Amino acid sequence: MRVLLIAPPWLDIYGDYKEASKLGCISSPLGLAYLGAAVQEKGGQVKVVDMETEGVNIHDLLPLISEFDPDLIGITATTPVYTNTKALAAEIKQARPQTPLVLGGVHSTVVGREALEECEYFDFQVVGEGEETIQEVMEALEQGRSLAGILGVIYRDNGAIVENPRRPLEMTADHLPVPDRNLLPTDKYVHSLPGKGFIRYATLFTSRGCPFHCIFCSQHTMHGRKMRWHSLERVMVELDQIVNQLGVEHIIIMDETLTLDRERTLELCRRIKEAGLKFTWEGWTRAETIDEELLTEMKSAGLIRLSFGIESGDAEMLKIIKKGITLEGVRRAYRIADKVGLETRGSAILGHPYETRETAWRTIKFCRSIKECQQLYLNVATPYPGTELYDYAVNGRGGMTLLTRDYSQYKRYGDPVIEVNDLSSNRLKMMQSIGLICFYFTPRRILYNVFQRAGLKAGLINSWAFALSTMRGFFKALKSILKPKSPRPAIGSGPDTVSKTKTAER
């Protein structure tokens with residue numbers, strides 16, 4: 001069986017920051033490399049098309065499909081790109097009406113049968129992890145059987161939508177195939193790194209799952225809340241393939257919390273050094289899970305950059321969003337990382353439930369005050385389906401109003417789809433731009449990001465793209481505030497404002 005797997009274009013989700021994001025956010029669809037390896041395990045032929053990275057549009061895609069002549073076509077989608085994915089599905093189905101077309105990925109998992117109900121072009125969908133599911137689907141299609149009984153599948157049967165039970169998660173991760181990165185255009189994934197400029201990089205998972213309960217995250221719907229680890233033997237196999245076979249010099253470890261298991265992380269560092277693997281790496285983690293000894297060992301094994309989730313500069317907001325960290329804990333983590341000599345990044349969000357202009361300004365000021373943090377991703381809260389934040393927005397809790405259920409608008413750097421208390425959509429967008437300007441336009445960060453971190457050429461390219469994006473977003477938001485449009489009707493709103501229920505709900 002020939003299987004074609006497609007990652008649709010996604011860069012538009014960054015809105016005004018599209019060009020800046022293109023330089024720093026292009027990432028491989030590693031999930032499709034896992035699925036591709038699963039197909040090959042069953043004797044199938046597979047081709048992966050990463051439309052964004054390869055610059056493939058629908059007019060390029062259709063001849064590729066015709067040439068490969070697949071027996072099954074799969075498309076993965078996140079929520080913000082789902083609208084474009086439906087249009088892509090329509091074009092594919094029109095060209096190949098007899099070829100089964102399946103939807104997978106995060107959006108399919110969090111919305112369930114809704115995806116088939118609103119898009120007639122998908123024949124079925126896979127929810128949750130798909131490696132085992134796709135193998136059983138291949139077998140059924142080859143034998144001419146229906147998809148009845150295959151766990152993790154929602155399918156059409158004589159006009160009706162049938163939802164099979166979800167597939168239970170295995171408590172270990174080594175049963176998953178080693179992803180076949182040769183299916184991906186590995187030469188096209190580049191990243192700017194301290195002291196190196198733009199170089200090739202690859203991504204790697206050493207675990208799946210996350211035990212935490214942050215209200216803005218839907219990761220648990222895909223991989224569960226219990227941690228499932230790859231054995232370190234398996235991790236070393238992948239590292240060897242990436243470094244010695246692909247010749248890649250930098251790796252981003254995609255685990256939700258890189259340092260969750262301290263002893264395991266130390267052992268991984270020891271094995272990397274013993275194996276003599278020469279590469280640099282980075283990842284993200286939580287402030288309370290690191291210490292100086294741990295980061296020192298990680299740096300000695302090649303770690304050069306670490307990102308922390310700040311999320312808010314207001315202590316009460318951190319409690320509301322169930323982050324489980326403290327402001328002093330965040331400052332401590334950055335001090336330790338800086339002392340060890342790591343480049344640091346951070347991410348924060350404006351527009352949490354119960355947020356006000358006052359608390360949002362605290363976040364902006366707090367992020368700016370962390371002098372050890374060199375780079376910041378400042379997002380506007382986006383209530384993705386499958387998150388507790390989505391429930392807040394739909395039900396109007398915490399002073400929130402949901403402005404649209406058009407998923408194509410669910411962009412962290414576009415026009416916000418929420419309003420909360422005294423923060424209108426336009427105000428949130430303006431504060432996002434102001435926050436980024438306040439953070440980056442300091443002598444220390446200008447000197448570092450433009451002239452020191454990745455070389456002058458990379459620094460100028462990155463900084464120019466970022467500056468244009470930030471100023472574009474700022475002036476668009478300012479124009480909207482000065483000449484406001486008619487307000488959009490609220491989808492979810494209610495009387496649950498800060499003044500009435502903030503104390504009671506806590």
Side-chain angles (χ1 to χ4, degrees), residues 24 27 189-207 229-230 232 235-236 238-244 246-310 325 328-347 370-377 444-445 447-449 451-455 458-459 462:
S27 181
Y189 303 117
V190 295
H191 211 27
S192 63
L193 299 177
K196 294 186 177 183
F198 292 102
I199 69 168
R200 295 167 62 218
Y201 79 100
T203 53
L204 167 74
F205 284 100
T206 81
S207 67
W229 309 96
H230 282 306
L232 292 183
V235 174
M236 293 303 297
E238 288 198 49
L239 288 175
D240 182 74
Q241 289 181 353
I242 293 170
V243 176
N244 292 326
L246 295 179
V248 172
E249 300 177 8
H250 185 73
I251 297 173
I252 299 179
I253 298 183
M254 306 289 286
D255 297 21
E256 293 293 323
T257 307
L258 182 60
T259 54
L260 185 60
D261 187 328
R262 185 179 188 277
E263 295 307 314
R264 180 177 182 271
T265 305
L266 288 172
E267 177 63 15
L268 175 60
C269 293
R270 184 184 68 79
R271 295 194 185 197
I272 290 172
K273 289 186 286 186
E274 286 183 352
L277 292 176
K278 301 299 182 182
F279 66 98
T280 56
W281 50 290
E282 65 181 283
W284 44 86
T285 194
R286 292 171 60 91
E288 78 277 14
T289 65
I290 62 100
D291 57 67
E292 184 175 343
E293 179 188 10
L294 176 61
L295 293 194
T296 299
E297 287 300 308
M298 293 169 71
K299 184 183 179 184
S300 72
L303 181 72
I304 61 171
R305 180 156 59 201
L306 196 57
S307 301
F308 297 100
I310 302 169
I325 60 175
E328 180 50 39
V330 171
R331 290 191 184 279
R332 169 188 166 276
Y334 278 102
R335 287 195 296 266
I336 292 173
D338 181 67
K339 182 179 180 181
V340 171
L342 299 175
E343 181 178 86
T344 54
R345 289 178 168 177
S347 60
I370 306 174
K371 66 180 187 301
E372 300 87 358
C373 181
Q374 283 108 359
Q375 296 178 321
L376 177 70
Y377 296 97
R444 180 192 307 110
R445 293 188 178 105
L447 177 64
Y448 178 77
N449 285 296
F451 298 102
Q452 295 178 347
R453 66 171 301 270
N462 284 328

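Please read all numbers here as calculations on a predicted model, not as lab measurements. Here, residue 1 is the first one in the sequence, and each next residue gets the next number.
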> Applying salt bridge (charged side-chain N to carboxylate O under 4.0 Å, His left out) as the test, list every pair that has at least one member in residues 331-342; sequence neighbours left out.
Glu292-Lys339, Glu328-Arg335
> Are the side chains of Trp229 and Val235 in touch, meaning some heavy atoms are under 4.5 Å apart?
no
> Quick one: does any side-chain atom of Trp281 pair with a main-chain N or O of Ala301 as donor and acceptor, under 3.5 Å?
yes
> Which word best sums up how the rings of Phe308 and Tyr334 line up, parallel for under 30°, tilted for 30 to 60°, or perpendicular for over 60°?
perpendicular
> Search all heavy atoms of Gly346 against all heavy atoms of Cys373 and return the closest pair with its distance.
N-SG, 3.8 Å
> Is there a donor-acceptor contact under 3.5 Å linking the side chains of Arg264 and Thr206?
yes
> Taking the side chain as every heavy atom from C-beta outward, state whether Lys196 and Ile304 have any atom pair closer than 4.5 Å.
no
> Between Ile370 and Arg445, which heavy-atom pair has the shortest distance, and what is it?
O-NH2, 2.7 Å
> Keeping the roles fixed (side chain from Trp284, backbone from Asp255), state whether a donor-acceptor pair exists under 3.5 Å.
yes
> Quick check against the 3.5 Å criterion: does Tyr189 have a side-chain atom that pairs as donor or acceptor with the backbone of Ile199?
no
> Between Arg262 and Glu293, does the salt bridge (Lys or Arg N to Asp or Glu O under 4.0 Å) criterion hold? Intermediate values first, please.
CA-CA 10 Å; Arg262 185 179 188 277; Glu293 179 188 10; 2.9 Å; yes
> If I compare all heavy atoms of Lys273 with all of Ser300, which pair ends up nearest, and what's the gap?
NZ-OG, 2.9 Å
> I need the minimum non-hydrogen distance between Ile242 and Leu246, along with the two atoms involved.
O-CB, 3.3 Å
> Out of Leu266, Leu258, Leu342, Val340, which one pairs with Met298 under the side chain to side chain contact (heavy atoms under 4.5 Å, CB included) rule?
Leu258
> Checking Thr344 side chain against Glu372 main chain: does a donor-acceptor pair fall under 3.5 Å?
yes
> How would you list, by chain and number, every residue that makes a side chain to side chain donor-acceptor pair (under 3.5 Å) with Glu249, sequence neighbours excluded?
none
> Go through Arg271 and Glu274 one step at a time and tell me if the salt bridge (Lys or Arg N to Asp or Glu O under 4.0 Å) criterion holds.
CA-CA 5 Å; Arg271 295 194 185 197; Glu274 286 183 352; over 6 Å; no
> Of all heavy-atom pairs between Ala275 and Met236, which one has the smallest distance, and what is that distance?
CB-CE, 3.8 Å
> Strictly by modelled atom types, are His250 and Thr280 linked by a side-chain donor-acceptor pair under 3.5 Å?
yes
> May I ask you to test the Glu282-Glu343 pair for a side-chain heavy-atom distance under 4.5 Å?
no
